[in-house]
There are 2 protein chains.
Amino acid sequence: MDSAEQKGTQRRRTSSRASVTIRDVARHAGVSVATVSRALRGSDLVHPATRERVDAAIEELRFTPSQLGRSLAERRHAANGIVFPDLSGPYYAEVVLGYEEVAATLGRSVLILSTHNRESADDMVLELAGRVDGLAVFGRTVHDDVVAEILQRGVPVVLMARTEIEGADSVRTENVVAATSVVDHLLADGHRRMAFLGDPVESTDVAERWAGFRGALAQAGVDVPDRTVLAGFKEDDGARVAGALIADGLPDVVVCANDELALGLTVALAEEGIEVPGDVAVTGWDDVMAARYAGLTTVRQPMREMGGRAAQLLDARISGDRSEPRHDVLTTQLVVRRSCGPHSKEAHR
Amino acid sequence: MDSAEQKGTQRRRTSSRASVTIRDVARHAGVSVATVSRALRGSDLVHPATRERVDAAIEELRFTPSQLGRSLAERRHAANGIVFPDLSGPYYAEVVLGYEEVAATLGRSVLILSTHNRESADDMVLELAGRVDGLAVFGRTVHDDVVAEILQRGVPVVLMARTEIEGADSVRTENVVAATSVVDHLLADGHRRMAFLGDPVESTDVAERWAGFRGALAQAGVDVPDRTVLAGFKEDDGARVAGALIADGLPDVVVCANDELALGLTVALAEEGIEVPGDVAVTGWDDVMAARYAGLTTVRQPMREMGGRAAQLLDARISGDRSEPRHDVLTTQLVVRRSCGPHSKEAHR
DNA sequence: CGCTCCTTTGGTACCGGTTACATAAACCGG
DNA sequence: CCGGTTTATGTAACCGGTACCAAAGGAGCG
């Protein structure tokens, strides 16, 4: 008895300094914490009159339940994470937005993590995994064994634009069919000698696009380049290879792994007096906003939808509605603009 | 004694089902939880030999400390939030990226919330505030009294591109000087009749730009329009007003509150056969990626830096390094491109 | 050899909620 | 008027860490 009383005193003393807790509310309303908790959660095992007293106390003390305490007791975070290499591209921003939108609707907060090629990325992702109920992981941000580790801890993972991993869901966009339609369109416009700009090792998407590109050329009986022109993902990377392309003798068209490469390349070529599509055609991938204004032929991907789909897949796994992995593939669409106009090198000179 | 033993048994039984906790590690290593906790936190009050045993146990049991338990005990989330209206624009994406980058460096996770003009935005923001140590709030996403409420709960807030609120830090970009330099440049190019596209009520930024615009015109003794052409923030909004502008008689130049409006307007005008800058000049604001490719004259804002600055301001408040509010203003820069070329309406016709 | 002082470690009360279980009050037909 | 439910509430043991305080063991010193 004596010790219990002392305990109560201690508690009151500390809580006067700190924020108001459920015990303060209970004392104020003259009920137990259990009753307050029930009232908070809308349980129907609370007498209306009692509920009113509790509500009044909550109001009066300006009580806000602690998410932390709640999460700890419920053993759930009510939050999802998403990991991507860099938000700087318009591409990732769109995906994140789609993800956030759906997650918010499902009552889950969203934690973002951009790895920026930091060497500590793996640890950061593991740390993030400890804060969420589910995790969406983009492309080549983190090693396979880290993903496996996260899965083993019981946190569902959905991979985006990445090769499948045992036990994880995945969402990606269709690449081979798209690459084929790009090539077919270029062929129809009279282009023959085609180069591919991008590094297949950097991403599954690029690898698939490169494979589709080669396949379509082979199918048409046209010269297939035996390797890509290596480049990263940014405008600078595209600009950097312009010189080498010119030196090697320009092809009819450069198919780029994404829009930023294509746009950067186009600008760098223009600086050398080479016109697109007059002297060389260029195509991109993603259909970012700038592609519209630059008149870039490209492949449109449903990025927002991809993010949203990822959030839905995760939700199903988290709530236990589904246990076997699912792998969704979203369709893409060729968008023809002036950057790949009919082959007209002769006419132009 | 008896009850204590029973308690221990119960605990073991439950934890066998659930994930491995610090108590499992303690038992396995033959030490107390306090020692494990010290070892985890790198305290130097642990004997090297003991630390080794603990590390071995952690390794063996594949123990990962629960972020929730830790946060609850430490009374901190180690996470920051950021609220913005919509990520769809390139503008917000950049700011969020800058914010995340700095926050991550400071060891804080980032929770994002896009309000999408949802009517439940206020509640969502309040909920978010309960999950973070500090919150960055963008423009017109949430009511002043909600911000006040959050501040009162002891969560520091930094406002971005928004009118100051008592007790909150803020970061914004310079608008009046920028508007003046835009107008001065246009005047130098021979433009006189200027319209302003954007809704000053929608955002503090727009209001300041509009004010700066009027001030500069008045200063130069040129006709000052008495109201703006109202529009939102998207390309569609810009396109929508094209017809009205034409019907009212085109001005020499349309100064737009952001790039998306300017770009949307330009495209819509082109569809009506009106050329930029030949028939009418157009300027934007933000310098998004598409603006470069569209040749749009605009005002560059350091968006990434704004996000980073917000994270830094928050960090200082959270760690208690600073208690008086700070209000930072970042400088902007006029970027002249061909969309505002010299006034040449006559020459053109 | 006894006595401080310091290093290491253990016990346990928190952090702020949820919820199983026990209990008490109210209601019901017989 | 009584035993059996049903309804409403209280008690306390969790969730998984942190850190204060006390205690044990060992070293240094007179």
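All values derive from a computational prediction rather than experimental measurement.
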Asks: Nearest-Å distance, CD1 (A:Ile58) to P (C:dG16)?
Replies: 16 Å
Asks: Would you tabulate the nitrogen or oxygen pairs shorter than 3.5 Å linking the protein to nucleotides 9-12 of chain D?
Replies:
from: D:dT9; atom 1: OP1; to: A:Thr50; atom 2: OG1; distance (Å): 2.1
from: D:dT9; atom 1: OP2; to: A:His47; atom 2: N; distance (Å): 2.9
from: D:dT9; atom 1: OP2; to: A:Thr50; atom 2: OG1; distance (Å): 3.4
from: D:dG10; atom 1: OP2; to: A:Ser32; atom 2: N; distance (Å): 2.6
from: D:dG10; atom 1: OP2; to: A:Ser32; atom 2: OG; distance (Å): 3.0
from: D:dG10; atom 1: OP2; to: A:Thr35; atom 2: OG1; distance (Å): 2.8
from: D:dG10; atom 1: O6; to: A:Arg38; atom 2: NH2; distance (Å): 2.6

Asks: Using a strict threshold of under 4.0 Å (side-chain N to carboxylate O), is an ion pair present between B:Asp328 and B:Arg309?
Replies: yes
Asks: Find which nucleotide of DNA chain D each of B:Glu74 and A:Ala73 is nearest to by heavy atoms, and output the residue with the more 5' nucleotide.
Replies: A:Ala73
Asks: Can you tell me the distance, in whole Å, between the CG atom of A:Leu61 and the P atom of C:dG16?
Replies: 14 Å
Asks: Tell me whether A:Glu149 is salt-bridged to B:Arg62, with the criterion being a basic N under 4.0 Å from an acidic carboxylate O.
Replies: yes
Asks: Report yes if at least one side-chain N or O of A:Arg70 is closer than 4.0 Å to OP1 or OP2 of C:dG16; otherwise report no.
Replies: no
Asks: Can you tell which of A:Asn80, A:Val102, A:Val132 makes a side-chain contact (heavy atoms from CB on, under 4.5 Å) with A:Arg108?
Replies: A:Asn80
Asks: Could you tell me whether the phosphate oxygens of C:dC14, OP1 or OP2, come under 4.0 Å of any side-chain nitrogen or oxygen in B:Arg75?
Replies: no
Asks: Base, sugar-phosphate or nothing for B:Thr64? Non-hydrogen atoms, less than 4.0 Å.
Replies: sugar-phosphate
Asks: Salt bridge check: are A:Arg162 and A:Asp144 linked by an N-O gap of less than 4.0 Å?
Replies: yes
Asks: Hey, is the side chain of A:Ser19 poking within less than 4.0 Å of OP1 or OP2 on C:dG16, counting only N and O atoms?
Replies: yes
Asks: Which whole-number value in Å describes the distance from A:Leu40 CG to C:dT19 P?
Replies: 12 Å
Asks: Let me check the geometry of the helix from C:dC1-D:dG30 to C:dG30-D:dC1. What is the bend angle between the axes at its two ends, five pairs each, to 10°?
Replies: 50°
Asks: Quick one: do B:Arg53 and B:Asp55 make a salt bridge, cutoff under 4.0 Å?
Replies: no
Asks: In terms of relative ring orientation, are A:Phe138 and A:Tyr92 parallel, tilted or perpendicular, with 30° and 60° separating the classes?
Replies: perpendicular
Asks: Would you say C:dT19 has OP1 or OP2 under 4.0 Å from some side-chain N or O of A:Arg41?
Replies: yes
Asks: Would the number of heavy atoms belonging to other residues, nucleotides or ligands and lying under 6.0 Å from NE2 of A:His327 be above 12?
Replies: yes
Asks: Take atom CG of A:Asp44 and atom C1' of D:dT6, then tell me their distance rounded to the nearest Å.
Replies: 13 Å
Asks: If I take atom CG in residue B:Leu68 and atom P in nucleotide D:dT18, what distance separates them, rounded to the nearest angstrom?
Replies: 13 Å
Asks: Count the heavy atoms belonging to other residues, nucleotides or ligands that lie under 6.0 Å from CD of B:Glu324, then report whether that count exceeds 12.
Replies: yes
Asks: It should be established whether B:Ser37 places a side-chain nitrogen or oxygen under 4.0 Å from OP1 or OP2 of nucleotide D:dT18.
Replies: yes
Asks: Identify whether the distance between the nearest side-chain nitrogen and carboxylate oxygen of B:Arg38 and B:Asp44 falls below 4.0 Å.
Replies: no
Asks: Rounded to the Å, how far apart are A:Ile22 CD1 and C:dC15 C1'?
Replies: 14 Å
